[in-house]
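Here is the structure we will look at, set down as structure tokens.
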Amino acid sequence: MKFNVTRRDVLRFAGGAAIGTALSPMPWNLTDDLAIWTQNWSWIPKPPKGERATRTTVCALCPAGCPVEARCIGGLPVALRAANDGAALCPLGMTGHHLPHHPNRLTGAVGITRGERRPAAVTTDMVVRETARAIRSARAGAGSVVVLDTRPGRSGSWAWRRLLAGIDSAVVAAAPGLEGASLASLDTMLDARSQSFGLDLRNARTILSFGAPVAEGWGQLDLAAARESVRLVQVEPMRSRTAESADRWLPARPGTEAAVALAIANVLLAEGLVDTTALSGTDEFDSYLSVIAGFSPDRAAAIAGLAPDEIFATARELASSGPSIVVAGEQPGGGPLGRPAETAIFGLNLLLGNVDREGGIVGRTPLPAPGDDAPLTPLARLDEIPDHSVALVIIDASAGDGVYPWSLVARKLSPKGSLVVALSPFLSGSAARANFAVPTPPYLETIHELPTSFAEPVASIALSAPLLPTRSGAVDPVAFMRSIARAAGLDLAGEWATTESLIRERVARIHRAGSGTVTSPADGSATLVAELSTSDELWDALLAGGRWSAAPSNTMPPRTMRITGGLGTALGELPTRATATPRPTGTLTLVPRATRDTSASAAVSPVLTKLYQESGLRGSTGTAVLNPRTAASLGFAAGRNVRLLTAAGAMRVALMLDEGVMPGVVEIVVAPERSALGEKTAPGARTVLDLLTPGNEQTWSAVDAQLLEG
Amino acid sequence: MDSSLILRGVRRCSTKRFLAWLAPWAVMAGIGVFAIGLCLVKGLNQTNMDNRFAFGLWIFLDLAVIALGAGAFFTGFLLYILRRDELRAVINSAVVLGFICYSGAVLVLAVDVGQPLRAWFTFWHPNVHSMLTEVTFCITVYLTVLAIEYLPIVLKNRQLRKVPSFLVFEGELHKLMPVLAAVGTFLSFFHQGSLGGLYGVLQGRPFAFRDGFAIWPTTFFLFILSAIATGPAFVLLTTSIVSKISGARLVRHGVYELLAKISGWLLIIYVGLKSVDTIVWLNQTAPRSGINPSQFYAWQPFGTWVLIVEIVLLGLVPALIFMSPARRRSLPWLLTGSVLACLGVALNRLVMTIQTLAVPTLKFEPFMTYWPSWQEVATFLFVIAYGVILYSLSFRYLRLFPQEREMQKY
Amino acid sequence: MVIDLDRCNGCGACATACAVENNVPPARPSANERTGLTWQRVYRASNGRQFPENRSVYFPVSCQQCEHPPCVSVCPQNAVDVSPETGVVSQIPVRCLGCRYCMTACPYHARYFNWFDPKWPDGMETTLNPDVSVRMRGVVEKCNFCHSRWQAAKAKAAAAGKRDLDPADYVPACVEACPEKAIVFGNLDDPRSGVAKSAKSANAFRLLEKLGTEPKVFYRSDRAWVRRLADADVAVQEKEATRG
């Protein structure tokens, strides 16, 4: 038989094959596979798989220390929420589990040279050697040693004071821009040597707040919950969240807070609304009266741009709807109001008899020190340290960070040579400005301590238990101190070698004292410490998310109260900006604007781009916001890029218009920098904060500025 | 060099000149290919479209070229169904134009969607309620029809004719033409309308939303009408431009006049209906949606001038030009009218695409504007370059204008 | 869902919780307000008055879960669906081809397109919610009232041998995260539920009610000027927001 293949056969075969293939599942499976492929690209991240569990810890991202319930998959946290019923976490807190994976996390010690795009990897030993050398030369007279503590009150804070006790020129200072810094003025007024003070906001019926973000959780007040019982009067130039939710908002011009406070005092005194018995033990009253006399409500109202009636009404309200409390706050990103203003504001409490009273300013015993009673390095305020005098600055940002203009630190550095070493989990914030940065374990990778927050009426402590293993390369701050002690020949007694063992010592001392209670986060049940047989039981209760609180102390040591805080008649000296009229044409007041939640951390979850970058809710950092009328008078339109000029330099900023901004004021958004949100940028780049030159009072809540074309 | 391919009896420029003419277009197309590649590989973040301007330059381009490409089906309809034999002079050119417009639109659509590999899902899981399903089906089928209509023109090339079976095939296809024209007409009426319906059904966008008849909003009919009104004008315009560039007389003036006359009558009907529609929309439809219609035109650059330019300058004016027998006799007038009419339909599509999205719906949302990225513009220009190149090749090697040979005798 | 605008203070906790719950990736450096993914977005609006009378209101806007959703009928390939059981409008990202027609149809700008490949910093994938799959570039996504939580609640009820889920078990992430308790969630069809009562109260309203979309997200405010912001009769702001 012979095969004769014709062209027709070939065509038939081809046609048949085509039809056959079309009828077979093959082409349809192929298209299906194609579709599945588009759904399963290898570069699409896959969520984790594993066993589900719930664990409890305490948020360490701000001093408030909210109890946290973590949903874990295979032991790793995938979601965080408030552990106590009815509470909720802030955006920073609920994304805290992202921070160990932050792109700008430090994986090893680095040396940072200004202007270089990338930091250079160094060894921790080298940083220790350099630090020890700086300590030795400081002892030899090259300058002083300053530790900037970004979360004072911790066991680690105590360890720094213990470490540097042998160096005469050393001080430990709170980093600038921290919450509660204004209470230092109160300490000066109330002569706090044996006692610190808390604010009993929860029991107050009227709160007069000068700029404190009370509605954003400042002072651990849950304003939403207390809304029915608390009346809030807010004095603030910005229409902040707190100003909006206040019962009365006094939009005083930036820098005129002291004038408003003194005018309220004027009314209280003139109308006999003061607590005379409480005032009997008050010093410096004569100079106070002479200052007050200069601030009639009419004059203060003119300075602050308010109606005199509002000052009268506020004063009467304070006196009639007690207990009332008057607080000076730190505007998030804007720092403190300065000592004179803070003294004038807290002075109102003395007039109203709010000291040592429920719902007012209450004394509290400090937390026990974790170690021996050896002498400690003195505490100081950064502004008390002379400029150009510091040879070594150690910034302990291992537990948080402050938002402040770097020039505050830079001006202290000795021109003859200085070293700045930072301890931080992230290469952003303060650490990005240092010469060396040493990586410390972030939140959730090690135990973090949440000591008494500034506003608490009683001493307390909570522990943030780690949920993740510490990544290799991270250095424990206390272990770092031990290395420095060895290298620099400093005496550091005690058994403790790590932060954890030091905190254990503190907890053991609390247990030994036997007072106070531990509150469990889940059901709010309280256990008396006296009922716990070992300190390990207390430790375990704390690691499970509990908070230890001291018993309220009812015995107040007798004290002298200085109503001008030692300032005398200088109390009435207002910033020239506030009083000089008219001001040079085109001069605006630059006011930083930030939200409280993210201003305590050098790094935030990249997911917070939802608030800062992907929606207009918070505005990206460096956006300048103007009243449309101000903009029109200067000839600017929205969306334009303009140059913002201050005494510290110029920067290009985007312009936004908002009728809610005070005329003559530029609000500048101070939000997490792009590096804090996870973008890889050159460390130590200039930020908007660098435009805010602190004035003579070390404040940067308002500075003069100009807007220029281009 | 390529003279053996060129039609007998017509004059074409030298190969060198032809290549020189093609070169810049080829460069433009090359840049476009690069831009398209970027969009496909890196994703649509290469464009300046965003969540608010989910449609941008490309959708405008699709709508505009499909409207202009309507000349293909409408000429076929007039020729094969209504038996206006004069139009045989331009039918081939109209088919090529239609093919270019539709294939260009489909190509850009493929870049425009986020997952081009899933484009066939529309056939697999069709939602029969969606205007876009209708558009997808009709355009796909109609593009096939256009390809089949294009084929005999290609097969008539001097060299290809030499293959006997091609000639037979071409002859068979030719017999099919009236059927294809009828199919094309049906499909085109539907998808031109559906493209309009695409916007008219947007209940959530008061700027685009229109009342209608049965399931079709008025934009459905207005889009058909505006497309068939400008289709002939576009054929007229391209023919005269080709004639100018090639230096050859391609059709008798009577053909131009006929095209203009058809365009003119349709345009005047369109302008009338569009005016009625606009009045109803501004006074009835939009206020019922809770929108003060003045807001539509509250933001520059979209002032009321847009409406006036669209209806009067680019609608009524060309209609009046085309309807005047005296003006029709003058080629410059015809060109002016055609340009205005084509710009008119383009502006209408631009307004429907861009202004619809620019006007805020939520009161606390701002008015926004949009400007395309270079990748979008390059892709847009790619379609134009592709069209010019394909048309140039077709014109050089294929018989687009049957009257050209005899016209040269004069 | 009923959102009390007099309680909302614009903290953004809902938007953050939503992104964490639904594995919405962080922004790429080049992303902005208009190319981001914010299933729950908080808009600030004001009464338009001059300082110091100017007051703000914050509108948390997610998918409004319309009864007559304009996005469903436009999708060419049935990638948008309304659940007959819950009335929630769902998006099927694996079927979506990314034509974005639904986005032009939605008057609430509640739909978002994945302009970029989803990407988390190295290691952060371990923090993703295991119950929600990550969407790919080139598709549209939006709020689905935390569908995975509904499924979990359903499963829990089934395991307990019950037909109906316990309302306490099904709470979307935004509702849970709100520190001001401004968002109330529940079954609108159940006249005894708090949400149904709240939705019928005098000062409750919906956005763009006249469009006839019948949203299932209600807002409420005792301030008349806030309620007036629900309708788009007069434009209040202009932002020069040209890109490119």
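What you see is a predicted model; the values in this text were computed from it and never measured. Reckoned from all heavy atoms, side chains included, excluding hydrogens, waters and symmetry mates. Convention: sequence-line order gives letters A, B, ...; per-chain numbering from 1.
Heavy atoms of C:Y43 lying under 4.5 Å from chain A are absent altogether. Neither the backbone nor the side chain of A:A225 comes within contact range of chain C; no heavy atom of the residue lies under 4.5 Å from a heavy atom of that chain. A:P45 touches chain C through backbone and side chain together, each having a heavy atom under 4.5 Å away. Using a 4.5 Å cut-off between heavy atoms, C:C178 touches chain A through its backbone atoms (N, CA, C, O) alone. At a 4.5 Å heavy-atom cutoff, the contact between C:R41 and chain A is made by side-chain atoms alone. Heavy-atom distances place both the backbone and the side chain of A:S615 under 4.5 Å from chain C. Only the side chain of A:L611 comes within less than 4.5 Å of a heavy atom of chain C; its backbone N, CA, C and O stay farther away. For C:R7, no part lies near chain A; criterion is any non-hydrogen pair under 4.5 Å. Within the 4.5 angstrom heavy-atom criterion, no atom of C:P93 approaches chain A. Contacts between A:Q613 and chain C at a heavy-atom distance below 4.5 Å involve backbone atoms as well as side-chain atoms. With a threshold of 4.5 angstrom between heavy atoms, A:D222 does not approach chain C through any atom at all. Only the side chain of C:D117 comes within contact range of chain A, with heavy atoms under 4.5 Å apart.
Between the side chains of A:Y612 and A:R618, a donor-acceptor pair is found at a separation under 3.5 Å. A donor and an acceptor atom, one from each side chain of C:N32 and A:E614, are nowhere located under 3.5 Å apart. Side-chain contact of C:R227 with C:N203: a donor-acceptor pair under 3.5 Å is present, judged by distance alone. Side-chain contact check for C:Y112 and C:T38: at least one donor-acceptor pair (N or O, by modelled atom type) lies under 3.5 Å.
Between the OH atom of C:Y170 and the CZ atom of C:F145 there is a distance of 7.0 Å, given to the nearest 0.5 Å. With rounding to the nearest 0.5 angstrom, the CZ atom of C:R220 is 4.5 Å from the CG atom of C:D4. Atom CE in C:M124 sits 10.5 Å away from atom NZ in C:K119 (nearest 0.5 Å). Atom CG of A:L92 is separated from atom OH of A:Y443 by 9.0 Å, given to the nearest 0.5 angstrom.
Annotation: maximal heavy-atom pairing with chain C below 4.5 Å, among A:P77, A:S620, A:P91, occurs at A:P91. Contact count versus chain C (heavy atoms, under 4.5 Å) is highest, among A:E216, A:M662, A:K49, for A:M662. Ranked by heavy-atom pairs shorter than 4.5 Å toward chain A, the options C:C14, C:A31, C:C18 are led by C:A31. Ranked by heavy-atom pairs under 4.5 Å with chain A, the first of C:L37, C:N47, C:N129, C:V24 is C:L37. Among A:G93, A:G86, A:C72, A:G217, the residue making the largest number of heavy-atom pairs under 4.5 Å with chain C is A:G86. Ranked by heavy-atom pairs under 4.5 Å with chain A, the first of C:G36, C:S56, C:G10, C:P52 is C:S56. Top candidate by heavy-atom pairs under 4.5 Å with chain C, chosen from A:L677, A:T609, A:L657, is A:T609. Interface summary for chain A: among C:P179, C:G48, C:C11, the most heavy-atom pairs under 4.5 angstrom belong to C:C11. Chosen from C:Q50, C:E125, C:K181, the residue pairing most often with chain A at heavy-atom distances under 4.5 Å is C:Q50. Heavy-atom pairs under 4.5 Å with chain A were tallied for C:P118, C:G12, C:P29; the largest tally goes to C:P29. Put simply, of A:P103, A:S605, A:A87, the one with the most heavy-atom pairs under 4.5 Å next to chain C is A:P103.
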Practice item. Report the C-alpha distance between C:R149 and C:E21 in whole Å, list the side-chain angles of each, state the deciding distance to 0.1 Å, and finish with yes or no for salt bridge (charged side-chain N to carboxylate O under 4.0 Å, His left out). Key: CA-CA 9 Å; C:R149 290 191 175 207; C:E21 171 73 18; 2.9 Å; yes
Point to revise | Candidate pair A:E236 and A:R241, rule salt bridge (charged side-chain N to carboxylate O under 4.0 Å, His left out), full reasoning | key: CA-CA 11 Å; A:E236 193 178 3; A:R241 236 189 262 166; over 6 Å; no
Review point. Between A:E667 and A:R593, does a salt bridge (charged side-chain N to carboxylate O under 4.0 Å, His left out) hold up when you go through it step by step?
Key: CA-CA 6 Å; A:E667 292 181 5; A:R593 151 168 140 182; 2.5 Å; yes
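Because its NZ or CZ atom is not both nearer than 6.0 Å to the ring centre of A:F426 and within 45° of the ring axis, A:R105 does not count as a cation-pi partner of that residue.
Using bins of under 30°, 30° to 60° and over 60° for the plane-to-plane angle, the ring pair C:W115/C:F113 lands in the perpendicular bin.
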Residues 150-158 of chain C side chain polar contacts: donor-acceptor under 3.5 Å, at least two apart:
| unit_1 | atom_1 | unit_2 | atom_2 | d |
| --- | --- | --- | --- | --- |
| C:K154 | NZ | C:E85 | OE2 | 2.8 |
| C:K156 | NZ | C:D169 | OD1 | 3.0 |
| C:K156 | NZ | C:D169 | OD2 | 3.3 |

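The stretch residues 18-38 of chain C participates, sequence neighbours left out, in no ring pair (Phe, Tyr, Trp, His ring centres under 6.0 Å) pair at all.
Take C:N54 and apply the side-chain hydrogen bond (donor to acceptor under 3.5 Å, both in side chains) test, not counting sequence neighbours, and it matches A:R239.
Residues of residues 130-139 of chain C lying within less than 4.5 angstrom of chain A, judged on heavy atoms, are C:P130, C:D131, C:V132, C:S133, C:V134, C:R135, C:M136, C:R137 in numerical order.
In summary, A:R674 and A:E679 engage in a salt bridge, as defined by a charged side-chain N under 4.0 Å from a carboxylate O.
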